[in-house]
Asker: 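This is the structure I want to talk about, given as structure tokens.
Letters A, B, ... are given to chains in the order of the sequence lines, protein chains preceding strands, and every chain is numbered from 1.
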There are 2 protein chains.
Amino acid sequence: MRQPAHAATGRGGSGRRRGGASGPVTIEDVAARAGVSAATVSRTLNGNYPVAATTRTRVERAVRDLGYVVNAHARALAGSTTRTVGIVVNDVIDPFFAYIARGVEREATARGRMCLIAATQGDSRRELAIVDLLHEQRADAVVLVGGAVADPAYTKQMAARAKALAAGGSVLVLCGRPSLGPGVPTAQVGYDNEGGAAAITEYLIAAGHRRILYLGGPAELSTSRARLAGHRKALRARRIPSDPKLIQTGAFGRRFGYHRMQELLAAGPDFTAVFAANDVVAAGAMQALHEAARTVPDDISIVGYDDVPVAAEVRPGLTTVHVPLEEMGREAVRLALAGEDTDTNAPPTQAVTVGTHIVARESVAAPSKGARRQR
Amino acid sequence: MRQPAHAATGRGGSGRRRGGASGPVTIEDVAARAGVSAATVSRTLNGNYPVAATTRTRVERAVRDLGYVVNAHARALAGSTTRTVGIVVNDVIDPFFAYIARGVEREATARGRMCLIAATQGDSRRELAIVDLLHEQRADAVVLVGGAVADPAYTKQMAARAKALAAGGSVLVLCGRPSLGPGVPTAQVGYDNEGGAAAITEYLIAAGHRRILYLGGPAELSTSRARLAGHRKALRARRIPSDPKLIQTGAFGRRFGYHRMQELLAAGPDFTAVFAANDVVAAGAMQALHEAARTVPDDISIVGYDDVPVAAEVRPGLTTVHVPLEEMGREAVRLALAGEDTDTNAPPTQAVTVGTHIVARESVAAPSKGARRQR
DNA sequence: TCCACTGTAGTAACCGCTTACTACGACGGC
DNA sequence: GCCGTCGTAGTAAGCGGTTACTACAGTGGA
């Protein structure tokens, strides 16, 4: 496959590349065909250097005739950017991740970047490995999406990755997860999980509920923890005792919501409302409620978090906390690529926080007399 | 940033790289630190050439000490593969695409590949542009997911891309869309849209339905066309006249299913069953049906296509055609990378077809007396 | 003792582009 | 008419790896 040097540097007269039989077309081939140097072709293609109009035309024609497609790897190696951004998600199916990924993809594409994507399946060891792979690819930015496990060893390792990435000129963006510690060079896109959770808990309290079930995600995940913390804070603020039996953690899937709710219902429920840690869990719980012939919101009120489509599709519509997921993804890219136009490197650590708000649908009502009596 | 030649080739004694202040670590740095040549480091890292155990240890230690991370672009440029596969989807949110993308991602990751992903938003011009971008990236395989527009000009252009890609050693995989024509080098993963549509139409007919509404996707999309063709074929086989008013095309989204069904219901329905061209459309239609106080399946039966989660989540459960989406994605990668282990290039054009089957849930019943009389 | 092997490791030629320098003809000011 | 500028384009040195050759100790057989 390799050609000896003299072949590559040989005269590049008009006779070459006629049949296209001699391997991929390179910039040299285009240069030869247009009767200019490779440098001129490069300049024409990149448009960052003055090229005479006639020359430009000749080059463009040669490109078209030969079907030349620039090699991004050669470009990345010679240039200073790869025009690539990495996205790390748990699972591409999960709407929470999918919406953020969509935002990242759209913003990156709009800025002429390609996206590298990989799924961790919730395994933080795998996540570290993926970040390494993205480092190999020299992605201009690496966006870590969603909650992180609260494990010091993990945090330390990821912090080391962040530093290595920064040393190489790329930036690690934490999208919806806590900082890796002071001094660790990252960008951050956050949303106020604790505040949102407190607000929607307060919403339930305001509707008259006192016995509220928290039906949450994995206990070790930062997102679940923050939401639970907000929930507790709201209860505390209203002097409502927190009952351990009403704190149920486990997972972020529909399955979990469905099965755990079935169990609780079978055990004799002692709550008038449910705060599901995300909409998907809420949807599962609503299914269990429905099958157990409990009416939402007449028998039991329920709220979710995230405001993904399922919240609007279930019946009754789910009252939830709206999180601008796609916007978070876009913001992650903006933040990471903010310094691209300026000469100076952007300040290493920056953060933005997006706002959330409650979307009231039909899943909340005052507790029923029956439920009250039941206590 | 660039260093003059003499600096790069200078003695690489043990003194270098101590502070990590001189830019990214390269293989030369590792070689110097380990007291071997770059070639030996490369061989150690790639493990495709015998290296003495003691040497290997020294190299590995140097890699660790220096925090060396290989540069994938340099590797791609020098080597013959980029260990990268491209995925082209309509939208990362749509479950049809998301499941196939998940299959591609999982299989690619399992084979040590990274995935490049981009969304076309259903615009075939954008799709062509994305394929070009993926060509620039020299992806080992490019997977085009889902239906294509039936437009000769488009087909011709994509065929040209396929040839260019093939000339460069990568393969274009058509996942769930028709061939680009004879002689165009592609791999294909298909599923029998026509057969599946015919089968589920037959299922409705067998339940007693004669007036079946086809509620379908975009008229120009290969997938919608094939499903409609199958539907018609089944009607013809049973000598059931096809009524133009019962053929409704438009889009593949929930919105379309919901609104079109509302309109039809308002106009006075003349059908006892609905064949929605996919589950998402079916879910939208079911919502409209519900809001109009029509009971599924007592008043109207409905079936979908794809068997994505929403089919199992709606009430009543949706009878649909199961398509092994994730498996299709995996198969696409397998096909594309089939020749990687063998010396000989794999035959240019290959195809596999995955099987589909009907999943019977609760959304189909015999037409009601009332509906029959209504005719 | 000499030599053909065998196992390891080094040398250097690329891979295909970008870009800092350098070169050079045309032009306008003095 | 001479020279400093300006607009263009060429030269060549990398970017950071991989790998075909080549080199050179040991080893065992003749």
Asker: Looking at B/Arg161 and B/Glu136, is any side-chain nitrogen of the basic one under 4.0 Å from a carboxylate oxygen of the acidic one?
Answerer: no

Asker: For the side chain of B/Ala78, counting heavy atoms from C-beta on, which of D/dT19, C/dC15, C/dC17 is nearest?
Answerer: C/dC15

Asker: Calculate, to the nearest 0.5 Å, the distance between atoms CZ and CG belonging to A/Arg330 and A/Leu335 respectively.
Answerer: 14.5 Å

Asker: Determine, for B/Glu107 against B/Arg111, whether the closest basic-nitrogen to carboxylate-oxygen distance falls under 4.0 angstrom.
Answerer: yes

Asker: Verify the contact: side-chain N or O of B/Ser42 to OP1 or OP2 of D/dT18, cut-off strictly under 4.0 Å; return yes or no.
Answerer: yes

Asker: NA contact type, A/Val41, heavy-atom cut-off 4.0 Å: base, sugar-phosphate, or nothing?
Answerer: nothing

Asker: Would you mind reading off the distance between A/His73 atom NE2 and C/dT18 atom P, rounded to a whole angstrom?
Answerer: 14 Å

Asker: Do NZ/NE/NH1/NH2 and the carboxylate oxygens of A/Arg334 and A/Glu331 come within less than 4.0 Å?
Answerer: yes

Asker: Pairs under 3.5 angstrom, nitrogen or oxygen only, protein versus nucleotides 6-11 of chain D, please.
Answerer:
unit_1 : atom_1 : unit_2  : atom_2 : d
D/dA9  : OP1    : A/Thr55 : OG1    : 2.3
D/dA9  : OP2    : A/Ala52 : N      : 2.9
D/dA9  : N6     : A/Tyr49 : OH     : 2.9
D/dG10 : OP2    : A/Ser37 : N      : 2.9
D/dG10 : OP2    : A/Ser37 : OG     : 2.8
D/dG10 : OP2    : A/Thr40 : OG1    : 2.5
D/dG10 : N7     : A/Arg43 : NH1    : 3.1
D/dG10 : O6     : A/Arg43 : NH2    : 2.6

Asker: Do the charged groups of B/Asp140 and B/Arg83 touch, with an N to O distance under 4.0 Å?
Answerer: no

Asker: Measure the distance from CG on B/Leu77 to P on C/dG16 and round it to the nearest whole Å.
Answerer: 7 Å

Asker: With a 4.0 Å cut-off, would you call B/Asp65 and B/Arg61 a salt bridge?
Answerer: yes

Asker: Among the nucleotides D/dT18, D/dG16, C/dC17, which one has an atom lying closest to any side-chain atom of B/Thr26?
Answerer: D/dG16

Asker: Report the distance from atom CD of A/Glu136 to atom C1' of D/dG17, rounded to the nearest whole Å.
Answerer: 12 Å

Asker: Between C1' on D/dG17 and CG on B/Asp29, what's the gap in Å once rounded to a whole number?
Answerer: 13 Å

Asker: Using atom CD of A/Glu28 as one end and atom C1' of C/dT18 as the other, report the distance to the nearest whole Å.
Answerer: 12 Å

Asker: Rounded to whole angstrom units, what separation is found between the CG atom of A/Asn48 and the C1' atom of C/dC17?
Answerer: 12 Å

Asker: Without decimals, in angstroms, what is the distance between B/Leu66 CG and D/dG16 P?
Answerer: 14 Å

Asker: Quick one: are A/Thr109 and A/Met114 in side-chain contact, heavy atoms under 4.5 Å?
Answerer: no

Asker: Looking at D/dT18, I'd like to know if its phosphate oxygens (OP1 or OP2) sit under 4.0 Å from a side-chain N or O belonging to B/Asn46.
Answerer: yes

Asker: How many Å lie between CD1 on B/Ile27 and P on D/dT19, as a whole number?
Answerer: 11 Å

